[in-house]
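Input: a single structure, listed below in structure tokens.
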Protein chains: 2
Amino acid sequence: MTTQQKKYTSEKEYLKGYDIKDYDSFLVTVDVSIFTLVDNELHVLLVKRGDYPQKGKWALPGGFIQQGKDKNLHDAALRKLLEKTGVKTFHLEQVSTFGDAKRDPRGWSISTLYMGLIPHVPTAETSDSIEEAKWWPYEEALRKKMAYDHKKLMQEARERLKAKSGYTVLPMYLLKAPFTLTQLQQAFEELMDTTIEKKSFRRRIQAADLLEEVGEGLPEGGRGRMAALFKPKKGSCRHAFVRRFGSEE
Amino acid sequence: MTTQQKKYTSEKEYLKGYDIKDYDSFLVTVDVSIFTLVDNELHVLLVKRGDYPQKGKWALPGGFIQQGKDKNLHDAALRKLLEKTGVKTFHLEQVSTFGDAKRDPRGWSISTLYMGLIPHVPTAETSDSIEEAKWWPYEEALRKKMAYDHKKLMQEARERLKAKSGYTVLPMYLLKAPFTLTQLQQAFEELMDTTIEKKSFRRRIQAADLLEEVGEGLPEGGRGRMAALFKPKKGSCRHAFVRRFGSEE
DNA sequence: ATATTAAGTGGCATTAAGCCAATAATATTA
DNA sequence: TAATATTATTGGCTTAATGCCACTTAATAT
């Protein structure tokens, strides 16, 4: 007879008799699909699994929530990312949660997917001294056989990224300030997987008043007109445009 | 020594020695914030908790995932909703997942929040013969003391609903076909918590080609011009507008 | 016949993007 | 030194979509 069936007269008494081990056990994890740009090409960070199940397969960084360490899901995602890859992100958001009886051979599994963005970091900063982690071009990662349903998770995160790039300033998180408008546009174009009319883009960004000019920098090809340099204004990350850009409607 | 520490030579051998009970246990639940319109006012369905913890308090319908019954989260949400309230929804979508050490006194808890919409149903169909379930005006539910963090969950669902109503046809799910354009506009206005310019609304809906006309019906006040009646075209539920409506930007 | 009510539409203004080309500013080459 | 190539920035017209206010149409009640 479990606590559910016996009659209790107070919550205190109920909790006293409650034993969580009496109930179904679940595999409870977080997975992080973290993106950056390398030479204006979207890259995703994968780790090679060191243990069973699916030992040796590439996977999204993540893993089990540890009750002694993790106060909440977000903290768990940040900790797992750092632990598995050495990488720290300043933009992490929840995408969705996948839970079912079959996705993991060990049992009923529930995993909360996060996506993170970071500005490109030099290769040396990717921690190869921790579990084997590596940045892959996203298109290449798509062709890999990944552990579990992690390819599906990664694709889900990518779809979310693409959609949000049409009406938020999410791509801004892929750039280390300061940056030029050309670089910003290229980041938007890469995430949205489309080309954007230069005039339209610049007008939209300038109308939104998201950036402050911080100087001038050399043109990308080494010659040509100097470009203005910008950094985001405080609070600009929360901006949402009224119209979706690049819609194929 | 757990399976994590011992060296295995194959996945089969690893799984053979794996015992899920060796690991942290979690409370794994789903919660459903389901909405309808009653007299053009947003209502939410709550259930009064029949057991500890928080016995007697109003809460969102939901509860523990049962591994023997639930193949995945979505199924669990549908089953729990029906079980607790007798209500069946044809539009249910995941909102977000809340997980932390403190939200439930029994242990580390993770709950996946879904939101659902149904066309208004007569009161008699709300199942009072199952657990005590009742439709509340959303504004009134906001003033109630609810169990756990369910008020926060309900608000999160509401915010999502409001946002998506600006660029999708979500409000259409609150109406039983056939409906008039005036009724559709009122549904949009209630969800978006704003007024919409009649001409703009009609033009936008007609341009999107979402509806098919199925006759005429009496005007709402009992006199005045007959209104055209519509039902959604197949596939119209996936429509996304390029511009957000009712933005205060 | 007139007033009222509800649904539907006209048409101009405003906002935001699409498009193509032009200008400005720099380095390289002849 | 002038011409050319390259990159960044802007001009200005067109197109698309909404905002706004008023108007017309169509029905019922008085």
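Each chain gets a letter, A, B and so on, in the order the sequences are listed, and its residues count up from 1.
A salt bridge links Asp149(A) with Arg103(A); the closest basic N to acidic carboxylate O contact falls under 4.0 Å. Between Lys80(B) and Glu83(B), at least one side-chain N (NZ, or NE/NH1/NH2) sits under 4.0 Å from a carboxylate O, which counts as a salt bridge.
If you take CD of Gln206(B) and P of dA17(D), they are 15 Å apart, rounded to a whole angstrom. Between Leu184(A) atom CG and dT9(D) atom P the separation is 12 Å, expressed in whole Å. As a whole-Å value, the separation of Gln186(B) CD from dA6(C) P is 11 Å. The distance from atom CD of Glu213(B) to atom P of dA7(C) is 14 Å, rounded to the nearest whole Å. The nearest whole Å value for the distance from the CG atom in Leu181(B) to the C1' atom in dT25(D) is 16 Å. Atom C1' of nucleotide dT15(C) and atom CZ of Phe241(B) are separated by 19 Å, given to the nearest angstrom. dT9(D) atom P lies 11 Å from atom CZ of Phe201(A), rounded to whole Å. Atom CD in Gln185(A) sits about 14 Å away from atom P in dT7(D), given to the nearest Å.
A donor-acceptor contact under 3.5 angstrom links the side-chain atoms of Arg203(A) to the base of dA17(C). Residue side chain Arg204(A) does not reach the base of dG18(C) through any donor-acceptor N/O pair under 3.5 Å, judged by distance alone.
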Does Gln186(A) form a side chain to side chain donor-acceptor pair (under 3.5 Å) with Asn40(A)? I'd like the steps, not just the answer.
CA-CA 7 Å; Gln186(A) 282 166 341; Asn40(A) 276 327; 3.0 Å; yes
Glu93(A) vs His91(A), test: side chain to side chain donor-acceptor pair (under 3.5 Å). Steps then yes/no.
CA-CA 7 Å; Glu93(A) 60 179 271; His91(A) 185 81; 2.7 Å; yes
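With dT9(D), dA7(C), dC20(D) as the candidates, the nucleotide lying closest to the side chain of Arg202(B) is dA7(C).
Classification of the Phe241(B)-His239(B) ring pair by plane angle, with boundaries at 30° and 60°, yields perpendicular.
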With sugar-phosphate taken as primed atoms, P, OP1 and OP2 and all else as base, the protein-contact string of nucleotides 21-30 of chain C at under 4.0 Å (heavy atoms; B, S, -) is ---BBBSS--
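DNA chain D is contacted by both Gly221(A) and Ala207(B); Gly221(A) maps to the nucleotide lying nearer its 5′ end (nearest heavy atom per residue).
As judged by a 4.0 angstrom heavy-atom cut-off over every strand, Ser200(A) is placed among the base-contacting residues.
Closest approach of Leu117(A) and Ile34(A) over heavy atoms only: N-CG1, 4.4 Å.
Formation of a donor-acceptor pair under 3.5 Å by the Lys151(B) side chain with backbone atoms of Lys144(B) is found in this model.
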